[in-house]
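This is a predicted model, so every value here is computed, not measured.
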Amino acid sequence: MSDRVMINQFMHALVSRVGGVENAARFVDARLGIALDGSGFSMRKGTFSKRLAGHLDWPLVEIMALEDAVGDPVVRRWLARSLPETTEAIDLMLCVSETAREVGEAVGAVADLASGRGNRARARKEVHEARGAIDRLAAAVDGEEA
């Protein structure tokens, strides 16, 4: 799914959560300090409809206004996932999770072997997998691909 389509899907949900196009336009107008027309309606209602239809892109300031109105920065959070430092943090946490799981399995298998309930082949396999996970973690910390 393209970024534009994804953002538009998020915005559909945000507009719905604030009560529709008219309320969304009012929230944005208030955030930007734009006065309503004489009848109390936002002049931007049609623009919002065009954005929701995919005919216009969403300005960041309007995205932020609606996210703040509902207290959920869904678009900003989604965009942040593509930042290099966020991507690296996610990759490191995945490596940590995998390493913890593999080391736990290795410790369990060796404990079973020591207590007479396990077998050497399984313990060897689990220790080997844990070593591989630790090697991948070390490579991730060093900034390399494993």
Is the closest side-chain heavy-atom distance between Leu14 and Glu62 below 4.5 Å? no

What I'd like to find out is whether the side chain of Val15 reaches to under 4.5 Å of the side chain of Arg51, using heavy atoms alone. no

Rounded at 0.5 Å granularity, tell me how far CZ in Arg136 sits from CG in Asp91. 13.5 Å

Are there over 12 heavy-atom neighbours, none belonging to Arg131, within less than 6.0 Å of that residue's CZ? no

When you group the ILVMFWY residues by side-chain heavy-atom contacts below 4.5 Å and let the links chain together, are Leu66 and Leu32 in the same group? yes

Among the clusters formed by ILVMFWY side chains lying less than 4.5 Å apart, do Leu56 and Val61 turn up in the same one? no

What's the shortest heavy-atom distance between Glu67 and Val74, and which atoms? OE2-N, 3.3 Å

Counting neighbours of NE2 on His12 that are heavy atoms of other residues, nucleotides or ligands and sit closer than 6.0 Å, is the number greater than 12? yes

Using the test ring pair (Phe, Tyr, Trp, His ring centres under 6.0 Å), find all partners of Phe10 that sit at least two apart in sequence or belong to another chain. Trp78

Do Trp58 and Val75 touch side chain to side chain, with heavy atoms closer than 4.5 Å? no

Consider only side-chain heavy atoms of I, L, V, M, F, W and Y, link residues closer than 4.5 Å, and tell whether Val127 and Ile134 are in one cluster. no

Nearest 0.5 Å, what's the CD-CZ distance between Glu22 and Phe48? 11.5 Å

Go through the side-chain N and O atoms of Arg117 and Ser115 and say whether any donor and acceptor fall under 3.5 Å apart. yes

Measuring from Leu94:CG to Leu137:CG, what's the distance to the nearest 0.5 Å? 11.5 Å

Spacing of Asn119 atom CG and Arg124 atom CZ [to the nearest 0.5 Å]: 9.0 Å

Same cluster (ILVMFWY, side-chain, under 4.5 Å), Val28 and Met64: no

Roughly how far apart are Leu79 CG and Met6 CE, rounded to 0.5 Å? 10.0 Å

Do you know the tightest heavy-atom contact between Val18 and Ala69? CG1-CB, 4.1 Å

Donor-acceptor check, side chain of Asn8 to backbone of Leu52, threshold 3.5 angstrom: yes or no? yes

Could you go through residues 99-110 and list every donor-acceptor pair under 3.5 Å that involves a side-chain atom there, pairing it with any protein atom two or more places apart or in another chain?
from, atom 1, to, atom 2, distance (Å)
Thr99, OG1, Cys95, O, 2.8
Thr99, OG1, Ala133, O, 3.3

Co-membership, hydrophobic cluster, residues Val21 and Ile34, 4.5 Å side-chain: yes

